[in-house]
Amino acid sequence: MTGRKKGGLLLILALGLYLLLSGSSSDLLPWARDITQVRLMRTMALDVGEEDLIQVTLSGGLQQQNEDPDTIPLLLSQQGLTVFGSVQALQTESDGYVEMGHLSDCVIGEVLAREGIEGLADFLERDFSMRLGTRLFLLAGDTGENALRMTSSKTTALTDRLESISQNRTYGGKDWPFTVRAYLAETEDNGVALLPVLELADNPDYDPESQGEQPEREIHLTGLAYLTDQKLTGTLTGEESRGASLLSGWDQLDRFQVELPNGTVAGIRLVLSQCRWEPEFDETGRLTAVTARLEVQGELNELTGWADLTDTTVLEALEQGFLSQVAGLAQAALDRSQGDGADFLHIRRQLVYQCPAHSTRLLAHWEDWFPTVELRAMAEGRVERSYDVDLPMEEGA
């Protein structure tokens with residue numbers, strides 16, 4: 001090939017490359033996006049949409065830099081056949097790129113939760129921009145979209161409230177336990193997973209004339225619910241929820257009120273809770289009983305009347321009342337789990353870890369054993385008395 005022919009071939013190739021990169025072939029290339037217009041989403045809500053579509057609503061939290069501080073947080077909503085499809089459709093709803101890499105919370109409406117959230121779990125696990133540390137919540141009696149819209153104002157967003165809930169309920173520095181990662185792990189273990197339940201309530205300070213200064217509704221954490229095979233199948237009572245938290249070592253902010261023999265009521269705060277599972281097997285190797293032994297520590301915060309805390313009888317009554325209440329809550333959770341046939345406390349997993357010699361039989365026979373095995377809750381520990389604030393720290397007792 002001559003030099004002239006080589007030069008002509010190179011010119012043709014260069015022209016073809018130019019046309020490929022020009023607007024006439026722009027469909028083959030990614031759309032250009034201005035990174036200054038990226039919208040960071042902080043909270044996602046999932047609901048059943050029209051004609052059984054999946055509705056995704058996203059909130060950007062409080063206003064981002066350079067945005068008008070006089071407007072409520074950005075809300076985007078779209079419907080699709082899948083969570084992925086709805087999220088992709090949302091890209092057309094904003095003047096920038098919708099980025100979900102900083103998503104901190106996901107609120108699931110009750111109707112969708114009862115129908116099943118298999119698509120959500122699959123999307124969260126596969127999408128490269130999603131965080132496994134994202135917190136999960138169920139909304140009772142309403143839609144996640146309403147939670148996002150009706151709790152937003154110029155100064156507040158649902159993201160802030162959920163952040164406060166997670167921090168307040170994990171007193172003592174523990175991580176919030178109800179995340180995407182934990183949900184996937186529990187579902188993979190035995191198909192049952194616990195999630196926290198939220199409820200909307202009227203905001204007593206709401207003024208329709210305030211022009212967005214106050215949110216219309218408040219949101220509160222009310223307890224726990226469990227999903228079986230990724231469908232909402234049961235909501236625990238307040239006592240059962242507290243018991244499940246104690247047995248799992250999650251809640252370090254529980255409180256108790258104990259009435260002493262003379263009528264004085266003591267307010268006690270839980271500051272430590274640890275659970276040890278103790279199985280019992282018969283001579284054939286069958287599991288016959290399991291004891292959940294709770295080691296707890298309380299702190300005396302208030303006395304409504306007189307009590308001589310140097311009297312051993314008074315101290316024993318105080319501690320026994322505290323331990324009795326702790327054991328009662330734990331027993332309520334155990335009874336609900338066994339009664340519903342839902343091992344949402346993952347007792348089997350705990351026993352497999354603690355008793356490797358019995359692991360094969362536990363895995364093989366758990367479904368048959370669980371309904372009839374005796375489940376017991378016991379609590380042991382103490383109540384610490386507060387120190388005298390008039391004395392130096394080293395002298396206070």
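We number each residue from 1, following the sequence as shown. Treat the numbers as computed from the prediction; the structure is a model and nothing was measured. Keep in mind that the numbers below use all heavy atoms, side chains included, and drop hydrogens, waters and symmetry copies.
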Note, Leu158 side chain near Ser59 side chain (heavy atom, < 4.5 Å): no
Worked check of side-chain contact (heavy atoms from CB on, under 4.5 Å) between Leu136 and Val180: CA-CA 7 Å; Leu136 294 178; Val180 173; 4.0 Å; yes
Gln55 side chain to Glu145 side chain, donor-acceptor N/O pair below 3.5 angstrom: yes
Verdict with reasoning, Glu295 to Arg293, per salt bridge (charged side-chain N to carboxylate O under 4.0 Å, His left out): CA-CA 7 Å; Glu295 297 180 9; Arg293 191 174 300 277; over 6 Å; no
Sub-4.5 Å side-chain heavy-atom contact between Ile54 and Gln79: no
Same apolar cluster (I L V M F W Y, side chains within < 4.5 Å links), Leu76/Met150: no
Donor on one side chain, acceptor on other, Thr228 and Thr233, under 3.5 Å: yes
Value rounded to 0.5 Å, distance of CD1 in Ile268 from CZ in Arg255: 13.5 Å
Side chain proximity check, Leu224 to Phe178, heavy atoms < 4.5 angstrom: yes
Exam field: side chain Glu319 to backbone Glu380, donor-acceptor pair closer than 3.5 Å: no
Note: Glu240-Arg242 ion pair, threshold 4.0 Å (strictly below): no
Salt bridge (charged side-chain N to carboxylate O under 4.0 Å, His left out) between Glu384 and Arg382, worked out: CA-CA 6 Å; Glu384 299 287 349; Arg382 64 185 186 278; 2.5 Å; yes
Any donor-acceptor pair under 3.5 Å from Glu259 side chain to Thr264 backbone: no
Derivation of the side-chain contact (heavy atoms from CB on, under 4.5 Å) call for Leu272 and Val296: CA-CA 5 Å; Leu272 177 66; Val296 295; over 6 Å; no
Residue pair Leu138 / Leu232, side-chain heavy-atom distance below 4.5 Å: yes
Heavy-atom side-chain contact between His220 and Glu218 under 4.5 Å: yes
Within 6.0 angstrom of Glu367 CD, more than 12 heavy atoms from elsewhere: no
Carboxylate-amine/guanidinium contact Asp202 Arg217, below 4.0 Å: yes
Connected via hydrophobic side-chain network under 4.5 Å: Leu53 and Val111: no
pair Cys106-Leu120: side-chain heavy atoms closer than 4.5 Å: yes
Side-chain ion pair, Glu374 and Arg376, N-O less than 4.0 Å: yes
Single-linkage hydrophobic cluster, 4.5 Å side-chain cutoff, Leu323 and Leu334 together: yes
Side chain Gln325, main chain Gln257, donor-acceptor under 3.5 Å: yes
Audit row: Tyr226, Glu186, side-chain hydrogen bond (donor to acceptor under 3.5 Å, both in side chains) steps and yes/no: CA-CA 11 Å; Tyr226 68 90; Glu186 291 189 358; over 6 Å; no
Single-linkage hydrophobic cluster, 4.5 Å side-chain cutoff, Val197 and Leu195 together: no
Side-chain heavy atoms of Val258 within contact of Val265, under 4.5 Å: no
Steps toward side-chain contact (heavy atoms from CB on, under 4.5 Å) verdict (Leu309, Leu303): CA-CA 11 Å; Leu309 297 181; Leu303 287 171; 4.2 Å; yes
Short side-chain to backbone donor-acceptor contact, Ser337 and Ala333, under 3.5 Å: no
Residues Lys231 and Glu115 bridged, charged N to O under 4.0 Å: no
Gly141 backbone acceptor or donor facing Glu110 side chain under 3.5 Å: yes
ILVMFWY network linking Leu46 to Leu81, side-chain heavy atoms under 4.5 angstrom: no
More than 12 heavy atoms of other groups within 6.0 Å of Phe281 CZ: yes
From CA spacing to verdict: side-chain hydrogen bond (donor to acceptor under 3.5 Å, both in side chains), Thr57, Ser77: CA-CA 4 Å; Thr57 308; Ser77 187; 3.2 Å; yes
Steps toward salt bridge (charged side-chain N to carboxylate O under 4.0 Å, His left out) verdict (Arg135, Glu163): CA-CA 9 Å; Arg135 297 182 289 260; Glu163 179 73 22; 2.8 Å; yes
Derivation of the side-chain contact (heavy atoms from CB on, under 4.5 Å) call for Leu260 and Leu318: CA-CA 7 Å; Leu260 298 175; Leu318 183 68; 4.1 Å; yes
Any donor-acceptor pair under 3.5 Å from Arg336 side chain to Thr235 backbone: yes
Min side-chain heavy-atom separation Asp47-Val56 under 4.5 Å: no
side-chain hydrogen bond (donor to acceptor under 3.5 Å, both in side chains) between Thr43 and Thr159, intermediate numbers included: CA-CA 6 Å; Thr43 308; Thr159 301; 2.3 Å; yes
Output a table of donor-acceptor pairs, distance under 3.5 Å, between side-chain atoms of residues 344-365 and any protein atom two or more places apart or on a different chain; print 'none' if there are none.
unit_1	atom_1	unit_2	atom_2	d
His346	ND1	Asp189	OD2	2.6
His346	NE2	Val192	O	3.1
Arg348	NH2	Asp189	O	2.8
Gln354	NE2	Trp277	O	2.5
Ser359	OG	Pro356	O	2.8
Arg361	NE	Gly285	O	3.3

Donor + acceptor pair across side chains of Tyr183, Glu188 (<3.5 Å): no
